Amino acid sequence: MTRFTRWAALTAAAALLTAGCSGGGPSKDDSGKDDKGSDGSTALDWGRCEATAEGPAPGDEWRCATLKVPLDWSKPDGETIDLALIRAEATGDDRIGSLLFNFGGPGGSGVSTLPAYADMAADLRERYDLVSWDPRGTGASGGVRCRDDKAIETAESSVDWTPDTPAEERVFLEDAADFGKGCQKAAGKLMAHVSTTDTARDMDRIRQALGDDRMHYFGISYGTELGGVYAHLFPDKVGRMTLDAVVDPTADAIGHAKNQTRGFQTALDNYLRSTGRDPQEGSREIADLLDRIDAEPLPTSSDGRELTQSLAIIGIVLPLYSESSWPALTSALEAAEDGDGTELLALADGYNERDASGSYGTTTHAQRVISCLDDRQRPTVEETKKLLPEFEKLSPVFGPFLGWDTAGWCHDWPVPGQFETPEVSAPGAEPILVVGNTGDPATPYEGARRMADELGEGVGVVLTWKGEGHGAYGSGSDCVDSTVNAYLLDGTVPQDGKVCS
């Protein structure tokens with residue numbers, strides 16, 4: 001199973017340009033000098049980034065390093081872990097500092113994603129060093145793999161993520177518990193130290209190592225929650241911070257699932273209108289198609305693999321992240337109606353990071369390890385069943401899937417969750433730009449206003465884009481891009497409530 005919180009559209013595209021740090025210690029920068037942290041200590045040795053099994057090394061302008069941070073922040077002088085970082089230096093002379101990016105997830109690799117994002121951030125790079133990292137538990141920073149490729153493929157074909165019978169429920173829950181055990185075996189001591197709070201503290205150590213007095217930050221999707229938690233912990237260190245595609249900090253695990261159900265249904269409605277179809281009728285037809293696939297999976301041309309209902313739902317989700325992908329959804333749905341699941345399966349494989357050889361990425365593994373350490377809420381099957389009618393009313397397409405997900409995602413998890421909702425209040429912090437997109441499927445627009453309210457009066461400043469897809473910056477709105485650039489480059493804070501249509 002998977003939750004639809006990561007910036008999947010960018011993650012899939014970035015897979016083509018994956019880059020990583022060397023597995024060993026980084027070499028000296030070309031200058032032969034060490035960078036100094038703001039506390040005066042030797043911090044980072046930047047060296048050439050090396051290719052990994054996931055892809056080639058990025059261009060020569062990119063440098064990689066590792067940074068040691070405490071495994072357990074309550075024992076700052078105890079055991080350490082290594083974080084992988086990547087940087088491209090500012091191209092202009094009027095440098096502000098470093099701009100740290102988190103692209104969402106949780107579980108996404110910043111080291112892999114930033115080089116693919118750099119063209120979109122070219123204006124920002126004129127005055128900032130562009131920097132990202134693999135948060136603890138992801139990528140080259142102790143990335144967790146909870147099961148092997150064969151087991152993943154077996155689960156895709158054998159586990160019904162919307163169980164209809166007691167036998168299917170049993171398999172559903174057994175698979176969830178088995179996944180958690182695999183995560184615990186793979187992560188070891190790290191399992192209890194990959195929370196959003198842990199990573200927010202890592203961010204401040206990164207700030208110090210980069211030599212910045214203030215944290216200039218661009219967080220996307222889950223990266224907005226991470227940014228909010230950082231602002232709460234270190235309000236006096238907040239510099240220019242932009243939060244785009246905002247996670248609602250007031251929603252608990254069930255509330256978040258309901259928000260996503262509404263968000264994806266809204267995006268599906270907008271997609272259906274764009275094709276000239278009635279949203280209610282079109283949604284019912286898609287739900288009927290999913291029911292038929294549940295009863296009898298569709299054949300595909302992919303080595304005998306079948307399209308299950310669960311994979312079909314993921315295949316529908318992926319193109320809703322970007323309006324430019326809507327034609328692919330049309331083609332895939334038409335093919336499925338004709339009895340061919342090949343195109344929907346290919347879309348699902350894109351989301352699940354499955355390549356042509358049958359190897360899977362691990363973003364969803366890290367995502368689950370991090371979010372289950374964060375989320376204290378653990379709905380039982382009985383509690384979930386009582387909620388299902390409400391989920392199905394919110395969306396006949398996505399409601400059953402996201403409703404059942406509340407029971408299975410952290411079922412029988414080996415470590416307890418830490419909070420119901422994250423604390424993001426940041427009294428005294430500099431203004432933080434919060435960007436919401438009214439057509440965002442994964443992080444519905446309402447989360448932006450709630451984040452701004454929780455950050456506090458005079459801190460959260462909302463910019464609204466009446467657009468489609470997950471995220472606003474770089475999505476085609478000159479108004480959004482110019483407003484964000486003016487804030488990050490010149491410190492110009494827009495009026496709270498500004499709307500870009």
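Computed from a predicted structure; not experimentally measured.
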Exercise. What's the verdict on side-chain contact (heavy atoms from CB on, under 4.5 Å) for Leu100 and Met215, showing C-alpha distance, side-chain angles and the deciding distance?
Worked result: CA-CA 8 Å; Leu100 188 66; Met215 169 62 75; 3.9 Å; yes
How about [X] and [Y]: does a side-chain donor come under 3.5 Å of a side-chain acceptor?
X: Thr197; Y: Gln418; value: no
X: Asp198; Y: Ser195; value: yes
X: Glu306; Y: Ser157; value: no
X: Ser322; Y: Ser324; value: yes
X: Glu468; Y: Tyr321; value: no
X: Ser221; Y: His470; value: yes
X: Tyr117; Y: Ser132; value: no
X: Thr464; Y: Tyr445; value: yes
X: Thr384; Y: Thr406; value: yes
X: Asp164; Y: Thr162; value: no

Enter the distance from [X]:[atom1] to [Y]:[atom2] here, rounded to the nearest 0.5 Å.
X: Ser371; Y: Glu225; atom1: OG; atom2: CD; answer: 9.5 Å
X: Glu296; Y: Asp291; atom1: CD; atom2: CG; answer: 13.5 Å
X: Asp202; Y: Ile81; atom1: CG; atom2: CD1; answer: 6.0 Å
X: Leu347; Y: Thr342; atom1: CG; atom2: OG1; answer: 11.0 Å
X: Thr113; Y: Asp134; atom1: OG1; atom2: CG; answer: 8.5 Å
X: His232; Y: Glu423; atom1: NE2; atom2: CD; answer: 4.5 Å

Problem set entry | Shortest non-hydrogen contact from Lys466 toward Ser501 | CB-CA, 4.2 Å
Exercise. Taking the six-membered ring for Trp, is the centroid-to-centroid distance between Tyr230 and Tyr217 below 6.0 Å?
Worked result: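 No: the rings miss the under 6.0 Å criterion.
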Exercise. Any chance the rings of Phe218 and Tyr473 have centres within less than 6.0 Å?
Worked result: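 Under 6.0 Å, so yes.
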Exercise. Cation-pi between Arg368 and Phe179: NZ/CZ under 6.0 Å from ring centre and within 45° of the ring axis?
Worked result: yes
Exercise. Could you go step by step and tell me if Glu169 and Lys385 meet the salt bridge (charged side-chain N to carboxylate O under 4.0 Å, His left out) rule?
Worked result: CA-CA 11 Å; Glu169 286 180 22; Lys385 286 181 176 179; 2.8 Å; yes
Answer yes or no: is there a donor N or O on one side and an acceptor on the other, between the side chain of [X] and the main chain of [Y], under 3.5 Å?
X: Ser109; Y: Ser112; value: yes
X: Asp338; Y: Asp340; value: no
X: Ser395; Y: Thr261; value: no
X: Asp244; Y: Ala472; value: yes
X: Ser141; Y: Ala84; value: yes
X: Asn437; Y: Gly469; value: yes
X: Ser331; Y: Ala328; value: no
X: Ser302; Y: Arg305; value: no
X: Asp440; Y: Gly471; value: yes

Side chains of [X] and [Y]: closer than 4.5 Å at any heavy-atom pair?
X: Glu343; Y: Glu334; result: no
X: Val246; Y: Val435; result: no
X: Ser283; Y: Gln265; result: yes
X: Thr483; Y: Gln495; result: no
X: Phe401; Y: Leu290; result: no
X: Arg136; Y: His193; result: yes
X: Val171; Y: Asp160; result: no
X: Gln367; Y: Val369; result: no

Problem set entry | Asp269 and Thr266: CA distance, side-chain angles, deciding distance, side chain to side chain donor-acceptor pair (under 3.5 Å) verdict | CA-CA 5 Å; Asp269 289 348; Thr266 296; 5.4 Å; no
For this session: In sequence, state the C-alpha distance, the side-chain angles, and the governing distance for Glu156 and Arg354, and then conclude on salt bridge (charged side-chain N to carboxylate O under 4.0 Å, His left out).
Result: CA-CA 12 Å; Glu156 284 184 347; Arg354 184 185 193 273; 5.1 Å; no
Exercise. Got more than 12 heavy atoms from elsewhere within 6.0 Å of CG, Asp478?
Worked result: no
Exercise. Testing Trp404, Trp161, Trp409 for ring pair (Phe, Tyr, Trp, His ring centres under 6.0 Å) with Phe172, which one passes?
Worked result: Trp404
Problem set entry | Intermediate values then yes/no, side-chain contact (heavy atoms from CB on, under 4.5 Å), Ile313 and Gln309 | CA-CA 6 Å; Ile313 293 170; Gln309 181 194 48; 4.3 Å; yes
For this session: Just grab all the disulfide (SG to SG under 2.5 Å) pairs involving residues 244-298, residues at least two apart or on different chains.
Result: none
For this session: Could you name each residue pair satisfying disulfide (SG to SG under 2.5 Å) that touches residues 327-391, not counting sequence neighbours?
Result: Cys372-Cys410
Problem set entry | Residue list, side-chain contact (heavy atoms from CB on, under 4.5 Å) with Lys189, at least two apart or on another chain |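 Expected list: Leu71, Glu79.
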Problem set entry | Residues forming a side-chain contact (heavy atoms from CB on, under 4.5 Å) with Gln280, sequence neighbours excluded | Asp278
Problem set entry | Under-4.0 Å salt bridge between Arg292 and Glu337 |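 A salt bridge is present here (some side-chain N lies under 4.0 Å from a carboxylate O).
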Problem set entry | Set of side chain to side chain donor-acceptor pair (under 3.5 Å) partners for Gln377, sequence neighbours left out | Asp252
For this session: For side-chain contact (heavy atoms from CB on, under 4.5 Å), just list the numbers for Thr380 and Glu383, CA-CA rounded to whole Å, side-chain angles, deciding distance to a tenth of an Å, and then say yes or no.
Result: CA-CA 5 Å; Thr380 65; Glu383 290 169 336; 3.3 Å; yes
For this session: Walk me through it: do Thr196 and Tyr222 pass the test side chain to side chain donor-acceptor pair (under 3.5 Å)?
Result: CA-CA 10 Å; Thr196 297; Tyr222 162 78; 2.7 Å; yes
Acceptor/donor pairs from residues 449-462 side chains to any protein atom, 3.5 angstrom cut, sequence neighbours excluded:
unit_1 : atom_1 : unit_2 : atom_2 : d
Arg449 : NE     : Asp453 : OD1    : 3.4
Arg450 : NH1    : Asp248 : OD2    : 2.8

